[in-house]
Amino acid sequence: MNITATLNYFKTNEMNDLTVLKSEIKSGSDEYRRNYNETIQIMDDFKRRLQNTIERNDDPYVKKHKSKGKLLARERINALIDPETEFYEFSALATNDLYEGKFHSAGIVTGIGIIHGIESVIIANDPTVKGGTYVKETIKKHLRAQEIAYEHHLPCVYIVESGGIFLPEQANVFADRDHFGKIFYNQSRLSAAGIPQIAMVMGSCTAGGAYIPAMSDESIIVENQGTIFLAGPPLVKAAIGETISAEDLGGAYAHTHISGVADHMAKTENEAIQICRSIFENLPKPRKTVQISEKFEEPVYPAKELYGIIHSQSSRWMNPYEIIARIVDGSKFREFKPNYGKTLVTGFAKIKGQTIGIVANNGVLFSDSALKGTHFIEMCSVRKIPLIFLHNISGFMVGKDAEHKGIAKDGAKMVHAVANTNVPKITIIFGRSHGAGNYAMAGRAYNPNLLFTWPNAKISVMGGRQAAEVLWSVKKNGSDNEEELKKQISERYEQEGSAYYSTSRIWDDGIIDPVDTRKMIALGLSIAANKEIPDYKPGIYRM
Ligand code: COA
């Protein structure tokens, strides 16, 4: 194949000569069984946590809400999206270890659903969590959903029922750049970018909660249920002495007939949902920049076998080829530089028919693996091929040999390439994530379009044992007990390194079942195809 033919070959996005990966795992082996049993336990814990967050049938706030004949946030979403389609929820376990575990999912449900065939971001307040009010993480989750909408040109539906700011937390949520006001700033910018902003008012929307429908392009309000006002009746009475009911002050009739703050009046929640769906029926359909193929091969190996490959022990290796084989079409992979820089695996594959470049960790990053990664990322950037980062990294190599070979400048090249590439990036943390390796492998700060974590993952600046050694070595006051101090530090790192700690603070878009990885990557590729990829412009590499 000559050079021109090679370029055409990539331009047509055809890669028929991918090799089927040959799995080497033995499902009867002790190692496979040990991993499988451990992962089943990890998954049971994950599912129990999700269930406790999502299905709160005994929660008095849920009972009170349902007793009024109202739908719960996730029920509203399920009624809104197309039948037989799935809602891809983000960060369901946000705030799982904060606020005494009482701010379930940070009081807001966000994700992507398909409405009349259009992939859309849906943001629904959960009124059963402190009246749908906003703490710091609620805002972060709301802003992240809007960011995903902006990056992928996805219409937004806001299902609103919110008392605005959670007042005891006002110092953490009101005045800073990425605080409450950013929600409305984003709504304005999204609207100006031609991204539809639709609101459904399903309950009381007070103060900040009132601005969400008011800032929307089109809004729907439910009669005798939805209200919009800057101050509710008690505050109005106190401020100006006026006595008025909530419905008369800011109900559906007042806003659709008198003030014009809302556009459509619905008799019930279900009618509001149908009006919203009919708005979508008339929205222009996004033009995909990549032809999404209907025909593709499933992986040759079952995804469930991932449970026998992964584990949570930091010191044991996980084979990235076995993971790739259970994610990509036909388990086919064309490796790039297979014999060089082997601690990083790079190559091309397809997911649901769409060509991707894969960067997967296979050990510590050395200079050669970092250079190979840089080369591959540049290649995908120029060819405009989305990148999938399979992230399991303890960091860059340390020591005299590595330093003198220039590990710092070679690692920096990979970080440069990841930062400057314009292609869609999807990051899956399947093992460890430590040190600058987190940056080179498209960690959160490197703006991956989506970032998901597996429940066995560990995320911290370094491992607990290493941190204990470093902190002991820099300690000036020798009065502490060495063993005790190291134990405390290790335990703290273990707790803070957990995937649940990360997702609680929304350092990811959620923890996923490894079995769902292919599906979530396919979602990311599909929404990314709504936007043109700009040309690649690198920074200056230190040579
Ligand atoms: N800040 C802090 N806590 C709030 C709150 C707010 N803005 N709004 C509601 N809550 C809390 C309530 O104290 C209650 O907590 P508790 O059960 O631990 O006592 C919980 O949320 C549920 O509120 P409740 O009033 O029982 O629920 P409701 O469904 O009857 O009414 C609201 C919900 C939002 C309509 C109502 O609580 C309200 O009007 N809140 C004030 C809204 C406001 O003025 N916001 C201005 C902020 S910018």
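Atoms within each ligand, like the ligands themselves, are counted from 1 in listed order.
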>> Return the closest protein heavy atom for atom 24 (P) of ligand 1 as residue, atom name and distance.
In response: Lys64 NZ, 4.3 Å
>> Check this for me, if you would: do Asp44 and Arg48 make a salt bridge, where the nitrogen-to-carboxylate-oxygen distance has to be below 4.0 angstrom?
In response: no
> Of all the non-hydrogen atoms in the protein, which one sits nearest to atom 8 (N) of ligand 1, and at what distance?
Replying inline: Thr133 CG2, 3.6 Å
> Within a distance of under 4.0 Å, is there any protein heavy atom near atom 12 (C) of ligand 1?
Replying inline: no
> Is any side-chain N of the basic residue among Arg492 and Glu496 closer than 4.0 Å to the acidic one's carboxylate O?
Replying inline: yes
>> Please compare Lys68, Lys130, Glu161 and report which has the shortest non-hydrogen distance to atom 29 (O) of ligand 1.
In response: Lys68
>> With the threshold set at under 4.0 angstrom, would you say Tyr61 reaches ligand 1 through any of its heavy atoms?
In response: yes
> Purely on distance, is any nitrogen or oxygen of Pro168 under 3.5 Å from one on ligand 1?
Replying inline: no
>> Using 30° and 60° as the class boundaries, would you call the ring planes of Phe180 and Tyr134 parallel, tilted or perpendicular?
In response: perpendicular
> Is there a protein heavy atom at a distance of less than 4.0 Å from atom 31 (O) of ligand 1?
Replying inline: no
>> Under a 4.0 Å threshold between the charged nitrogen and the carboxylate oxygen, would Glu269 count as salt-bridged to Arg76?
In response: yes
>> Just to confirm my output: which protein heavy-atom neighbour is closest to atom 22 (C) of ligand 1, and how far is it?
In response: Gly131 N, 3.9 Å
> Under 3.5 Å, is there a donor-acceptor pair between the Thr110 and Arg144 side chains?
Replying inline: no
> Can you find a protein heavy atom under 4.0 Å from atom 35 (C) of ligand 1?
Replying inline: yes
> For Gly208 and ligand 1, does the shortest N/O to N/O distance drop below 3.5 Å?
Replying inline: no
> Looking at Met441 and His391, what are the two nearest heavy atoms and their distance?
Replying inline: O-ND1, 3.0 Å
> Just going by heavy-atom distances, which of Gly163, Pro234, Ala207, Pro60 is nearest to atom 45 (N) of ligand 1?
Replying inline: Gly163
>> I'd like to know whether CD of Gln495 has more than 12 heavy-atom contacts from other residues, nucleotides or ligands below 6.0 angstrom.
In response: yes
> Is the shortest distance from atom 41 (C) of ligand 1 to a protein heavy atom below 4.0 Å?
Replying inline: no
> Salt bridge or not for Lys182 and Asp176, using N-O below 4.0 Å?
Replying inline: no
> Looking at atom 39 (O) of ligand 1, what's its closest protein heavy atom, distance included?
Replying inline: Thr206 OG1, 4.3 Å
>> With side-chain hydrogen bond (donor to acceptor under 3.5 Å, both in side chains) as the criterion, how do Arg74 and Ser105 come out once you've worked through the C-alpha distance, each side chain's angles and the decisive distance to 0.1 Å?
In response: CA-CA 11 Å; Arg74 290 180 181 85; Ser105 301; 3.0 Å; yes
>> Between Glu281 and Arg277, does any side-chain N to carboxylate O distance fall below 4.0 Å?
In response: no
> Can you name the nearest heavy-atom pair linking Glu161 to Asn125, along with the distance?
Replying inline: N-OD1, 3.1 Å
>> Give me the nearest non-hydrogen protein atom to atom 7 (N) of ligand 1 as residue plus atom name, then the distance to 0.1 Å.
In response: Ile165 O, 2.9 Å
> Heavy atoms only: which of Val129, Val135, Leu167 is nearest to atom 1 (N) of ligand 1?
Replying inline: Leu167
>> Suppose I only count heavy atoms of Ser204 and a 4.0 Å limit; which atoms of ligand 1 are within that range?
In response: 35 (C)
> How about atom 16 (P) of ligand 1: does it have a protein heavy atom within less than 4.0 Å?
Replying inline: yes
